Amino acid sequence: MPSNDVRILAQAAVPTAAVGAIAAVVSGVVAGGKGAIGAVVGTLIVILFMGIGLYVLQRTARSFPQLFQMMGLMLYAAQLLLLVVFVAVFKNTNLFNPRAFAIVLVVTTLTWIAAQARAHMKAKILYVDPDTPSKEDKSHKTDRSS
């Protein structure tokens, strides 16, 4: 991953992990050990899903820039659908507190999206390659050489 992509990943993952840690402590106090486990599992799922999504989106942007916007919309819809599926699957689990899991899943997802949006707004990403000669530059070079 280029350094800019890693920076955006870190700027989204770190606040999400911090919110997840706070949520784990709060869930542990409110719902006991199973609440803390549910919060940790929810946080890990969000970081994993959203991190993979960001990686796929960055790869798509480099390989197929014309598909970037459509891929981004499809990817976020698929991620949210998968998170809803996880909530439905673990609705009646005894492994952890499902309510803490669901609440933390939503809170950390919103944190990731907000942090990623902030990271993209603050990133200084060139949308034009300054080293690539334009069509005018190419035509002037051929005119001068004749």
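Note that the structure is a prediction, hence the values are computed from the model and not measured.
- In this structure a side-chain-to-backbone donor-acceptor pair under 3.5 Å is missing from Lys34 to Leu95.
- Partner of Thr16 under the side chain to side chain contact (heavy atoms under 4.5 Å, CB included) criterion, out of Ile113, Thr109, Leu110, Thr111: Thr111 alone.
- Residue Leu83 forms a side chain to side chain contact (heavy atoms under 4.5 Å, CB included) with just one option from Thr108, Val106, Ile45, and that option is Ile45.
- The side-chain heavy atoms of Pro98 and Asn92, taken from C-beta on, include no pair separated by under 4.5 Å.
- Val107 and Val41 fall into different hydrophobic clusters, defined by Ile, Leu, Val, Met, Phe, Trp and Tyr side-chain heavy atoms under 4.5 Å apart, directly or through other members.
- Hydrophobic clustering (side-chain heavy atoms under 4.5 Å, transitive across Ile, Leu, Val, Met, Phe, Trp, Tyr) groups Val87 together with Trp112.
- More than 12 heavy atoms of other residues, nucleotides or ligands lie within 6.0 Å of CD in Gln66, so this atom counts as buried by the packing criterion.
- Between atom CE of residue Met50 and atom CG of residue Leu80 there is a gap of 5.5 Å, rounded to the nearest 0.5 Å.
- The shortest non-hydrogen separation linking Val40 to Ala24 is CG2-CB, 3.9 Å.
- Across all non-hydrogen atoms, the minimal contact from Val104 to Ala39 is CG1-O, 3.4 Å.
- Taking the six-membered ring for Trp and thresholds of 30 and 60 degrees, Phe90 and Phe101 have ring planes more than 60 degrees apart, a perpendicular arrangement.
- In terms of hydrophobic clustering, with Ile, Leu, Val, Met, Phe, Trp and Tyr side chains grouped at heavy-atom distances under 4.5 Å, Val46 and Val19 are assigned to different clusters.
- Grouping the Ile, Leu, Val, Met, Phe, Trp and Tyr side chains by contacts below 4.5 angstrom, directly or via other members, places Val89 with Phe86.
- In this structure, OG on Ser27 lies 11.0 Å from CD1 on Ile37, to the nearest 0.5 angstrom.
- The shortest heavy-atom contact between Thr43 and Gly20 is OG1-CA, 3.2 Å.
- To the nearest 0.5 Å, atom OH of residue Tyr55 and atom OG1 of residue Thr60 are 10.0 Å apart.
- Two residues are said to be in side-chain contact when any heavy atoms from C-beta on lie closer than 4.5 Å; Gln79 and Ile52 fail this criterion.
- One hydrophobic cluster, built from ILVMFWY side chains closer than 4.5 Å, holds both Leu82 and Leu105.
- No side-chain heavy atom of Leu48 sits under 4.5 Å from any side-chain heavy atom of Leu44.
- A donor-acceptor pair under 3.5 Å is absent between the side-chain atoms of Gln11 and the main chain of Gln116, judged by distance alone.
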